[in-house]
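Each remark here refers to the structure printed beneath this line.
The residues of the chain are indexed from 1 along the displayed sequence.
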Amino acid sequence: MLRLERLRADHAPALLAFERENREYFARTVPDRGDAYFVEFASRHRALLAEQDAGVCHFHVVVDDEGELIGRVNLMDVEDGDAELGYRIGERTAGRGVATAAVEEMCRMAATEYRLDTLTAVTTLDNVASMTVLGRNGFTLVGDVAVGGRPGVRYRRGLVSAR
């Protein structure tokens with residue numbers, strides 16, 4: 001069982017530890033965040049919370065039954081009923097359906113709580129696991145895109161919102 005928690009200030013230590021622990025793992029399939037991300041983490045975290053308060057983005061952490069942060073799933077650049085979905089699940093829980101379940105829950109929340117109509121998502125071509133998660137959650141391939149200078153693809157999913 002997992003739950004999504006809206007990002008809060010007190011998530012910062014666990015989120016930083018999660019990102020450090022999984023940095024090499026993530027860099028295998030997504031562009032690395034770079035050293036500055038970790039050095040400037042506290043100010044970046046505050047900036048994310050400000051974006052969230054402004055309604056531009058909706059950031060969430062994925063927490064397991066024991067309360068451990070095991071991932072993150074976000075809705076970014078919210079505008080006119082659309083947002084971009086992004087997610088990261090830690091290496092220790094990869095391959096167990098966590099990403100699929102977290103994205104499923106985020107899609108439900110996007111429609112019901114945030115009243116969005118569509119979501120887009122991008123991934124690199126070598127991230128087969130992410131493409132699988134998106135396909136399992138009803139996203140369809142809509143075109144090619146560069147992701148941090150790497151070849152990738154864009155997906156889209158319509159939502160049934162409660163507007």
Side-chain angles (χ1 to χ4, degrees), residues 1-52 56-78 83-110 113-114 116 119-139 141 145-155 157:
M1 185 82 181
L2 60 83
R3 69 182 184 279
L4 273 54
E5 295 181 359
R6 193 161 168 88
L7 187 65
R8 304 183 309 258
D10 65 326
H11 285 130
L15 187 55
L16 178 57
F18 168 81
E19 290 289 348
R20 282 184 174 146
E21 177 184 333
N22 290 286
R23 183 177 183 180
E24 287 184 28
Y25 172 67
F26 293 145
R28 291 182 210 153
T29 54
V30 296
D32 184 62
R33 294 184 185 273
D35 293 337
Y37 174 85
F38 297 94
V39 171
E40 300 164 1
F41 185 84
S43 63
R44 176 159 170 67
H45 191 74
R46 286 190 299 274
L48 293 178
L49 292 172
E51 281 185 84
Q52 182 167 265
V56 176
C57 299
H58 303 291
F59 302 107
H60 300 79
V61 294
V62 181
V63 179
D64 68 10
D65 287 339
E66 289 79 43
E68 182 181 351
L69 194 154
I70 58 172
R72 58 191 309 177
V73 60
N74 306 311
L75 298 174
M76 297 152 304
D77 302 327
V78 175
E84 184 172 321
L85 171 76
Y87 55 93
R88 290 174 173 239
I89 302 301
E91 184 172 23
R92 288 186 291 149
T93 54
R96 298 183 189 166
V98 172
T100 298
V103 168
E104 178 181 22
E105 177 63 8
M106 186 77 274
C107 289
R108 185 198 64 75
M109 291 172 67
E113 293 182 31
Y114 302 126
L116 298 175
L119 295 178
T120 58
V122 299
T123 188
T124 55
L125 284 177
D126 60 350
N127 194 342
V128 175
S130 187
M131 289 187 279
T132 301
V133 166
L134 293 169
R136 286 179 178 159
N137 277 286
F139 284 79
L141 182 65
V145 66
V147 181
R150 296 167 65 176
V153 287
R154 178 177 299 282
Y155 288 82
R157 177 187 165 168

remark   = The salt bridge (Lys or Arg N to Asp or Glu O under 4.0 Å) partners of D64 (sequence neighbours excluded) come to none
inquiry  = Any side-chain to backbone donor/acceptor pair from H58 onto L7? Under 3.5 Å, distance only.
reply    = no
query = Is any side-chain heavy atom of Y114 less than 4.5 Å from a side-chain heavy atom of L75?
reply = yes
request  = Taking all non-hydrogen atoms of both residues into account, name the closest pair between V147 and G152 and its distance.
outcome  = CG2-CA, 4.2 Å
task = Examine distances only and state if a side-chain atom of Y87 and a backbone atom of T100 form a donor-acceptor pair shorter than 3.5 Å.
result = no
query = Could you walk me through whether R72 and H11 pass the side chain to side chain contact (heavy atoms under 4.5 Å, CB included) check?
reply = CA-CA 11 Å; R72 58 191 309 177; H11 285 130; over 6 Å; no
Closest non-hydrogen atom pair between G90 and N22, with its separation = CA-OD1, 3.4 Å
inquiry  = Measuring only between side-chain heavy atoms, which start at C-beta, is D35 closer than 4.5 Å to R23?
reply    = yes
note = Heavy-atom closest pair (Y25 atom, A94 atom, distance to 0.1 Å) is OH-CB, 3.1 Å
message = When you measure from the side chain of E51 to the backbone of C57, do you find a donor-acceptor pair of N or O atoms at a distance under 3.5 Å?
response = no
Check: V56 main-chain N/O paired with D77 side-chain donor or acceptor under 3.5 Å = no
request  = Just say parallel, tilted or perpendicular for the rings of Y37 and F41, cut-offs at 30° and 60°.
outcome  = perpendicular
Note, R154 side chain near E84 side chain (heavy atom, < 4.5 Å) = yes
request  = Applying ring pair (Phe, Tyr, Trp, His ring centres under 6.0 Å), name anything that partners Y155, two or more places apart in sequence or on another chain.
outcome  = none
request  = Take R6 and Q52 through the side chain to side chain contact (heavy atoms under 4.5 Å, CB included) test and state the conclusion after the steps.
outcome  = CA-CA 9 Å; R6 193 161 168 88; Q52 182 167 265; 3.0 Å; yes
query = Would one find more than 12 heavy atoms of other residues, nucleotides or ligands at under 6.0 Å from atom CZ of R92?
reply = no
Steps toward side chain to side chain contact (heavy atoms under 4.5 Å, CB included) verdict (F26, R33) = CA-CA 9 Å; F26 293 145; R33 294 184 185 273; 6.0 Å; no
request  = Would you check if I89 and I70 make a side-chain contact, meaning some heavy-atom pair closer than 4.5 Å?
outcome  = no
ask   = For the atom pair CE (M131) and CG (L141), what is the distance rounded to the nearest 0.5 Å?
value = 9.0 Å
task = Identify the heavy atoms of V78 and A83 that sit nearest to each other, and give their distance.
result = CG2-CB, 3.8 Å
query = Minimum heavy-atom separation for V98 to T93, with atom names?
reply = CG2-O, 3.9 Å
ask   = Considering all heavy atoms of both residues, which atom of T29 and which atom of D126 are nearest to each other, and what is their separation?
value = O-OD1, 4.0 Å
query = Does V63 offer a backbone N or O that forms a donor-acceptor pair with the side chain of E5 under 3.5 Å?
reply = no
query = Do R44 and E19 sit within salt-bridge range, that is, some charged N less than 4.0 Å from a carboxylate O?
reply = no
ask   = Given side chains that start at C-beta, do those of M109 and L4 come closer than 4.5 Å, heavy atoms only?
value = yes
Result of checking T120, L134, L116, V122 against L85 for side chain to side chain contact (heavy atoms under 4.5 Å, CB included) = L134
query = Would F59 and M76 satisfy side chain to side chain contact (heavy atoms under 4.5 Å, CB included), going step by step from the backbone distance to the final call?
reply = CA-CA 8 Å; F59 302 107; M76 297 152 304; 4.1 Å; yes
ask   = Could you state the interatomic distance from CD (E104) to CZ (R136), rounded to the nearest 0.5 Å?
value = 11.5 Å
inquiry  = Let me confirm one number: the CZ-CG distance from R28 to N127, rounded to the nearest 0.5 Å.
reply    = 11.5 Å
